[in-house]
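Here is the naming used below: chain letters follow the sequence lines, and residue numbers restart at 1 for every chain.
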2 protein chains.
Amino acid sequence: MQTAHASLSTQIAPNAALLRNTPASRTTPELGTARTVAKDEEVFAEGDRAAYFYKVVSGAVRTFKLLSDGRRQIDAFHLPGDIFGVESGDEHRFSAEALGDATIIAYRRCSLDVLASRDQAFANQVIGSMMRSLERAQDHMLLLGRKHALEKIATFLLVLSERLTEGSHVDLPMSRIDIADHLGLTIETVSRSLTQLERQGIIELPAHRRSIVLRDKAALERLEA
Amino acid sequence: MQTAHASLSTQIAPNAALLRNTPASRTTPELGTARTVAKDEEVFAEGDRAAYFYKVVSGAVRTFKLLSDGRRQIDAFHLPGDIFGVESGDEHRFSAEALGDATIIAYRRCSLDVLASRDQAFANQVIGSMMRSLERAQDHMLLLGRKHALEKIATFLLVLSERLTEGSHVDLPMSRIDIADHLGLTIETVSRSLTQLERQGIIELPAHRRSIVLRDKAALERLEA
DNA sequence: CGATCCTTTGAAGCACCTCAACGCCGGTGG
DNA sequence: CCACCGGCGTTGAGGTGCTTCAAAGGATCG
């Protein structure tokens, strides 16, 4: 991609080089300030003034909303390269916390024109990131509204494996509670579903409870509905 | 605000200011072609080549995804002024149908730069619309994943009333099935929930089943969770 | 190694779904 | 004008998938 034809549909461009923080393409300029956040530390909270938006460099971040009685919905997990915290109003509309120790870059929120004139590629990156967020949100609504527990888990594993798999081994950056609050289930149902998949030989749950081996992706895809 | 700082959060800004100072002469209005669609007629289907995106002029449109066995999730209802069908890939990722007879404008999909240089205000409108779609999707995930039937209905009624109410009278452009498929419920549960709200005197269901009177919005807000 | 947290497993309950029937309304044609 | 019809909405009865409540097994870390 040379002149990033920021098409209304393609500004995200297949070429992820710019998005991923590959040292190689450190084309600069966007002046953001790095920040490290500890496990479970808050990056910002719902209602905070949205003075910055962020890009994950390493680790992972969850963004979520809470109901008055504590019920939580994690709308997304953000992995290295992902941008989060962009708002259209002047307040953050959800909260963000690090899943484990993470490093992120904070960009001062600024007008899109300024951003665009200063660094067109970065502006496209931000817009592209929003588009991907929207697409994921749309897929996730289908999952939340219409899929059964097993289908939710299957989808989750497949999506996650696409993003951070090495071979068939997936290293979960999040706890069962996080998974449950992302999929609209309880931790017990998540656990039971995983156990069931294991008993069917579709996945493997090593003693190290934070990792999963996908033994039969085809079977997962069949389950996905 | 005259200098509309199209901030990353505010580019939707009521006042769509220019990102780049394009000659004022280049005011060419967006050239879209009007189109009328009959009740339940398809505007585009999931998988279709995304050659156009659309703006609702009158009537309403639903966008949705289907699972292989027919389960449906309506991710959004689009009312006059709303833009839908913008994609980042070259295919539509969901289907769109008119709720009732509707008129829409089709815009040939083009690169964002071209769009921006040709009509900055319109480009901002499109981006702003995407931002709003994302925000609604995020709110809706909380609803789908964590709210109970009654809370879902209460939220739905309040959101809808904000958009198309005249007084406390809401004229539903969609059927019970559409509501159910939007909220992740069945039509029976939707019906029972509405009946329950009516028995509590919170709403009124006129004989004309396509309208609802909100008698006690405060009560609805309390139910919303 | 003890404390704690996370995860798993079991048993019981409930919110919502499924299945089924009926009522209502609008359209249609005799 | 009314009988018929079909689509949509409501209501009821029963079933179930997931939740809730409870407790025990493992992993991690001081």
Q | Between C/dT7 (C1') and A/Ile153 (CD1): distance, integer Å | A | 13 Å

Q.
Could you tell me how far apart A/Ile179 (CD1) and C/dC6 (P) are, to the nearest whole angstrom?
A. 13 Å

**Q.** B/Leu79/B/Val56 under side chain to side chain contact (heavy atoms under 4.5 Å, CB included): CA gap, chis, key distance, verdict
**A.** CA-CA 6 Å; B/Leu79 303 179; B/Val56 180; 5.8 Å; no

**Q.** A/Arg72 atom CZ: more than 12 heavy-atom contacts under 6.0 Å
**A.** yes

Q: Rounded off to whole Å, could you give me the CZ-to-C1' distance for the A/Arg146 and C/dC17 pair?
A: 10 Å

Q) Below 4.0 angstrom from OP1 or OP2 of C/dT9, is there any side-chain N or O of A/Thr195? A) yes

Q | Whole-Å distance separating the NE2 atom of B/His148 from the P atom of C/dC16 | A | 6 Å

Q: For A/Leu185, report the nucleic acid contact type (base, sugar-phosphate, nothing); a contact means any heavy atom under 4.0 Å.
A: sugar-phosphate

**Q.** Pair B/Arg108, B/Tyr52: side-chain N/O donor-acceptor within cut-off below 3.5 Å
**A.** yes

Q. Is the A/His182 ring parallel, tilted or perpendicular to the A/His140 ring (thresholds 30°, 60°)?
A. parallel

Q: Write down the distance between CG (B/Leu144) and P (C/dC16), rounded to a whole number of angstrom.
A: 13 Å

Q | Value in whole Å for how far the C1' atom of C/dC6 lies from CG of A/Leu205 | A | 14 Å

Q. Got a second to check how far A/Phe77's CZ is from A/Arg136's CZ, nearest 0.5 Å?
A. 12.5 Å

Q. Using a heavy-atom cut-off of 4.0 Å to chain B, what are the terminal contacting nucleotides of DNA chain D, in 5' to 3' order?
A. D/dG9 to D/dA13

Q.
Nearest whole Å is fine: how far is C/dG13 P from A/Glu188 CD?
A. 17 Å

Q) Is the shortest side-chain N/O distance from A/Ser175 to OP1 or OP2 of C/dC6 below 4.0 Å? A) no

Q.
Heavy-atom nearest nucleotide on DNA chain C for B/His208 versus A/Ile187: which residue maps closer to 5'?
A. A/Ile187

Q.
Distance check needed: C/dC6 C1' versus A/Asp181 CG, whole Å only.
A. 14 Å

Q: Side chain of B/Ala207 only, please: which of C/dC25, C/dT18, C/dT7 is the nearest?
A: C/dC25

Q) From C/dT18, C/dT8, C/dA11, pick the nucleotide closest to the side chain of A/Arg192? A) C/dA11

Q: Could you check whether the rings of A/Phe53 and A/Phe122 sit parallel, tilted or perpendicular, using 30° and 60° as the cut-offs?
A: parallel

Q.
Would you compute the distance between atom CZ of B/Arg93 and atom CD of B/Glu87 and round it to the nearest 0.5 angstrom?
A. 6.0 Å

